[in-house]
Protein chains: 2
Amino acid sequence: MNTPSIPEVTNAESEADKTGEKMKIILNLARDLNQFCPVRDVVHRISDKWSLLSILALGTHGTLRFNQLKKEIGDVSQRMLTVTLRNLEEDGFISRKIYAEVPPRVEYKLTEMGQGLMEQTLQLADWANKQLPQIIASRNKFRNLR
Amino acid sequence: MNTPSIPEVTNAESEADKTGEKMKIILNLARDLNQFCPVRDVVHRISDKWSLLSILALGTHGTLRFNQLKKEIGDVSQRMLTVTLRNLEEDGFISRKIYAEVPPRVEYKLTEMGQGLMEQTLQLADWANKQLPQIIASRNKFRNLR
DNA sequence: CCGGATCCTTCATGATACTG
DNA sequence: CAGTATCATGAAGGATCCGG
């Protein structure tokens, strides 16, 4: 029905104000390491080796079967792709549809929330790309000082 | 019954376009696992156990000495905090100023890029918070189906 | 006070073999 | 085709001791 679009928060001026608010929230949430921390949780989910690639592949192609996805990603083992997909499914980022056929067929696609996650990730990616030269420079500088 | 607010489709087309562009970029970058991948790199940097908390603590307090930072975070070991700070420093997210005194004093603070990283993280955190109920619901549902 | 060096534990990843 | 089961391994995290 509705493709999740990004709300108009990305204003440079109001961002400073909102940053303060957000900071309080995340600080409280991040501090309680023993409790449920959504931020750490989401970061952890996308930080493993294959989740991002899986999400991006599904985001690009819409719907993929297991082996299509495997081929698309390339060097992922069967086991790790299964694990990755289960985790993403568990959190509701992808949906899994099983067809009772012979041979079996299973189709994966992003849920609406999964698309939201992808967009968040793309924003971060966008930022990361812009910082890339500076990061590389910083690393080289750091190396030379040691 | 508070579903996370999904904005209406205001400018779905331009957003979709932008997303498509970004996707191509990140896909190419993410695919070359052997090469340098800024996205994976940044995600990896903030996904370890203490980086986020360190960044947030410094973002909140501006400048902190080592033990202040350690106390602020709470349950981090001396070693891991050192490692974390070195990594963040290496990439240029924090700066480290050493005072040649006895006893030694070292002050840490976010660089400009570090503040940018924090803001990116806060945006992700904001999104994660909104999705939290849905994620929890999905997990419970998943558990019950097994 | 800050942090390097060492050793140890735990967990994610992966190679391989097997199954409905 | 799409998994599950088992075993091996390497990296991350952590405890502890040492040093400037």
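Residue numbering restarts at 1 for every chain, and letters A, B, ... go by the order of the sequence lines.
Atom CG of L69(A) and atom C1' of dC1(D) are 14 Å apart (whole Å). Here the P atom of nucleotide dG13(D) and the NZ atom of K49(B) are 8 Å apart, to the nearest Å.
The shortest non-hydrogen separation linking L64(A) to A57(A) is CD1-O, 4.0 Å.
Looking at heavy atoms from C-beta onward, V43(A) lies out of side-chain contact with R40(A) at the 4.5 angstrom threshold.
Near DNA chain C, defined here as any heavy-atom distance below 4.0 Å, the residues from residues 86-99 of chain B are R86(B), R96(B), listed numerically.
The footprint of chain A on DNA chain C, defined by a heavy-atom cutoff below 4.0 Å, extends from dT13(C) to dG20(C).
Taking hydrophobic clusters as Ile, Leu, Val, Met, Phe, Trp and Tyr residues chained together by side-chain heavy-atom distances below 4.5 Å, V106(B) does not share a cluster with V102(B).
Rounding to the nearest 0.5 angstrom, the gap separating the OG1 atom in T121(B) from the CG atom in L52(B) is 5.5 Å. Interatomic distance, L58(A) CG to K109(A) NZ, rounded to the nearest 0.5 Å: 10.0 Å. Between atom CG of residue N144(A) and atom CZ of residue R139(A) there is a gap of 14.0 Å, rounded to the nearest 0.5 Å. The CG atom of L88(B) sits 6.0 Å away from atom OG of S54(B), with the distance rounded to the nearest 0.5 Å. Interatomic distance, CG of L69(B) versus CD1 of I94(B), reported as 8.0 Å (0.5 Å rounding).
W127(B) and F93(A) have parallel rings, their planes meeting at less than 30° on a 0 to 90° scale where 60° marks the start of perpendicular.
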Give every pair of a protein N or O atom and an N or O atom of nucleotides 15-17 of chain D that lie under 3.5 Å apart, one pair per line with the distance.
{"unit_1": "dA15(D)", "atom_1": "N6", "unit_2": "R79(B)", "atom_2": "NE", "d": "3.2"}

Just the atom pairs and distances: protein N or O near nucleotides 8-11 of chain D's N or O, under 3.5 Å.
none

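Not a single donor-acceptor pair under 3.5 Å links the side chain of S138(B) to the backbone N or O of I135(B). No side-chain donor-acceptor contact under 3.5 Å links S95(A) to the backbone of T111(A). Proximity of a side-chain donor or acceptor of D126(A) to a complementary backbone N or O of L122(A) within less than 3.5 Å is not detected.
In the helix from dC1(C)-dG20(D) to dG20(C)-dC1(D), the end axes, each obtained as the rotation axis mapping the C1' atoms of four pairs onto the next four within a five-pair block, lie 40° apart to the nearest 10 degrees.
Around atom CD of Q68(B), more than 12 heavy atoms belonging to other residues, nucleotides or ligands sit under 6.0 Å away.
Along DNA chain C, the nucleotide nearest L85(B) and the nucleotide nearest M80(A) are compared for position; the residue whose nucleotide lies closer to the 5' end is L85(B).
A donor atom on one side chain and an acceptor atom on the other are not found under 3.5 Å apart for N87(A) and T84(A).
Qualifying side chain to side chain contact (heavy atoms under 4.5 Å, CB included) partners for E107(A), counting only residues two or more places apart in sequence or in other chains: T63(A), R65(A), Y99(A), R105(A).
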